[in-house]
Amino acid sequence: MGIDLSSVPVLLDSEPVRAIRCDAGVFEAASWRPPFYFGDEDFGEPLPEVSRAMMAGRPAGLDALEGPWHSGARDYGQAEYALDPVRYRSARDYSERERSLAYRVVQGDRPFGEHAVATQGIPWRCSERAFLLEAADVIEALDEAFVRREFSVAEMVALGVYKTRPDDDEGETFARAMGNLRWLARYYREVAAYGYDLIVIAD
């Protein structure tokens, strides 16, 4: 079973999102309903009030926005590595990596809530609008020539970067990582233009 990375625009300071963040029961009721999940499996249950409150007044077009991993691609670890290969290789453990700017840019600035955990046990994370704009600035200021010199598929394999294989083509992998980062920056700016924040879900 793989781990997909998806994201959902929300207003973190809104009353319904604060309720989800503070109450495990509310989270459990809302986490598999819109705007977090738009599947057909509602089991005949009415939409919870908190979900209706989140969807009310939601801008048209917001849920049509897509980041680079919304289609199910799982090479987000390569994008994190590409954003700062030096810091990635120097991290002594996962918790240190989790505190790095590159991790926070790709996988969310901070944990969303103590009880907010995806089905595979990975905590939800979130980024406020201001951080989305900061993250886009960081990506757009990236020195691609420096990253290309530091970029190594063999090193990513040795470090256990998710979905990296020894036979991955170095040039193609680098180009894809940089393309995904540019896409991510555009997506963050689009979400921020609506005045929204973001919840990031690894599941």
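Computed from a prediction, not measured in an experiment: that's the story for all the values here.
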A.B. asks: Keeping Arg129 on the side-chain end and Ala192 on the backbone end, is there a donor-acceptor pair under 3.5 Å?
C.D. replies: yes
A.B. asks: Return yes if some donor-acceptor pair links the side-chain N/O of Asp203 with the main-chain N/O of Leu5 below 3.5 Å, else return no.
C.D. replies: no
A.B. asks: Of all residues at least two apart in sequence or in a different chain, which pass the ring pair (Phe, Tyr, Trp, His ring centres under 6.0 Å) check with Tyr188?
C.D. replies: none
A.B. asks: For Glu96, what residues pass the side-chain hydrogen bond (donor to acceptor under 3.5 Å, both in side chains) criterion, not counting sequence neighbours?
C.D. replies: Arg92
A.B. asks: Does Tyr187 share a hydrophobic cluster with Val106, counting links as ILVMFWY side-chain heavy atoms below 4.5 Å and allowing steps through other members?
C.D. replies: yes
A.B. asks: Could you please spell out the steps behind the ring pair (Phe, Tyr, Trp, His ring centres under 6.0 Å) verdict for Phe27 and Phe36?
C.D. replies: CA-CA 11 Å; Phe27 170 80; Phe36 304 113; 7.7 Å; no
A.B. asks: Apply the test side-chain contact (heavy atoms from CB on, under 4.5 Å) to residues Leu12 and Arg21: give CA-CA distance (whole Å), side-chain angles for both, the deciding distance (0.1 Å), then the verdict.
C.D. replies: CA-CA 9 Å; Leu12 288 172; Arg21 203 169 193 173; 4.2 Å; yes
A.B. asks: What residues form a side-chain hydrogen bond (donor to acceptor under 3.5 Å, both in side chains) with Asp63, not counting sequence neighbours?
C.D. replies: Arg58
A.B. asks: Taking atom types as modelled and ignoring hydrogens, do the side chains of Thr164 and Gln78 form a donor-acceptor contact shorter than 3.5 angstrom?
C.D. replies: yes
A.B. asks: Determine whether Met156 and Leu181 fall in the same hydrophobic cluster, where Ile, Leu, Val, Met, Phe, Trp and Tyr are linked whenever their side-chain heavy atoms lie under 4.5 Å apart.
C.D. replies: yes
A.B. asks: If every non-hydrogen atom of Pro85 is compared with every non-hydrogen atom of Val147, which pair is closest and at what distance?
C.D. replies: CG-CG1, 4.3 Å
A.B. asks: Test of understanding: with ring pair (Phe, Tyr, Trp, His ring centres under 6.0 Å), list the residues that count as partners of Tyr196, not counting sequence neighbours.
C.D. replies: none
A.B. asks: How would you list all residue pairs meeting salt bridge (charged side-chain N to carboxylate O under 4.0 Å, His left out) that involve residues 114-126, not counting sequence neighbours?
C.D. replies: Glu98-Arg125
A.B. asks: Taking the six-membered ring for Trp, are Phe151 and Tyr81 parallel (under 30°), tilted (30 to 60°) or perpendicular (over 60°)?
C.D. replies: perpendicular
A.B. asks: Ignoring hydrogens, what is the shortest heavy-atom contact between Pro34 and Leu47? Give both atom names and the distance.
C.D. replies: CD-CD1, 3.7 Å
A.B. asks: According to side-chain hydrogen bond (donor to acceptor under 3.5 Å, both in side chains), who are the partners of Glu150, at least two apart in sequence or on a separate chain?
C.D. replies: Arg89
A.B. asks: Starting from Leu159, can I reach Val157 by hopping between I/L/V/M/F/W/Y residues whose side chains sit under 4.5 Å apart?
C.D. replies: yes
A.B. asks: Angle between ring planes, Trp69 versus Tyr76, binned at 30° and 60°: parallel, tilted or perpendicular?
C.D. replies: perpendicular
A.B. asks: Taking 4.0 angstrom as the limit, do Arg182 and Glu144 come out as a salt bridge?
C.D. replies: yes
A.B. asks: Assess whether a salt bridge exists between Glu140 and Arg189, defined as any Lys/Arg side-chain N lying under 4.0 Å from an Asp/Glu carboxylate O.
C.D. replies: yes
A.B. asks: Using a strict 4.0 Å threshold on nitrogen-to-oxygen distance, state whether Arg18 and Glu15 make a salt bridge.
C.D. replies: no
A.B. asks: Given the rule that I, L, V, M, F, W and Y join up when any side-chain heavy atoms are under 4.5 Å apart, are Phe112 and Tyr37 in one cluster?
C.D. replies: no
A.B. asks: When rounded to the nearest 0.5 angstrom, what distance separates CZ in Arg165 from CG in Asp168?
C.D. replies: 4.5 Å
A.B. asks: Flag the pair Asp75 and Lys163 as a salt bridge only when some basic side-chain nitrogen lies within less than 4.0 angstrom of an acidic carboxylate oxygen.
C.D. replies: no
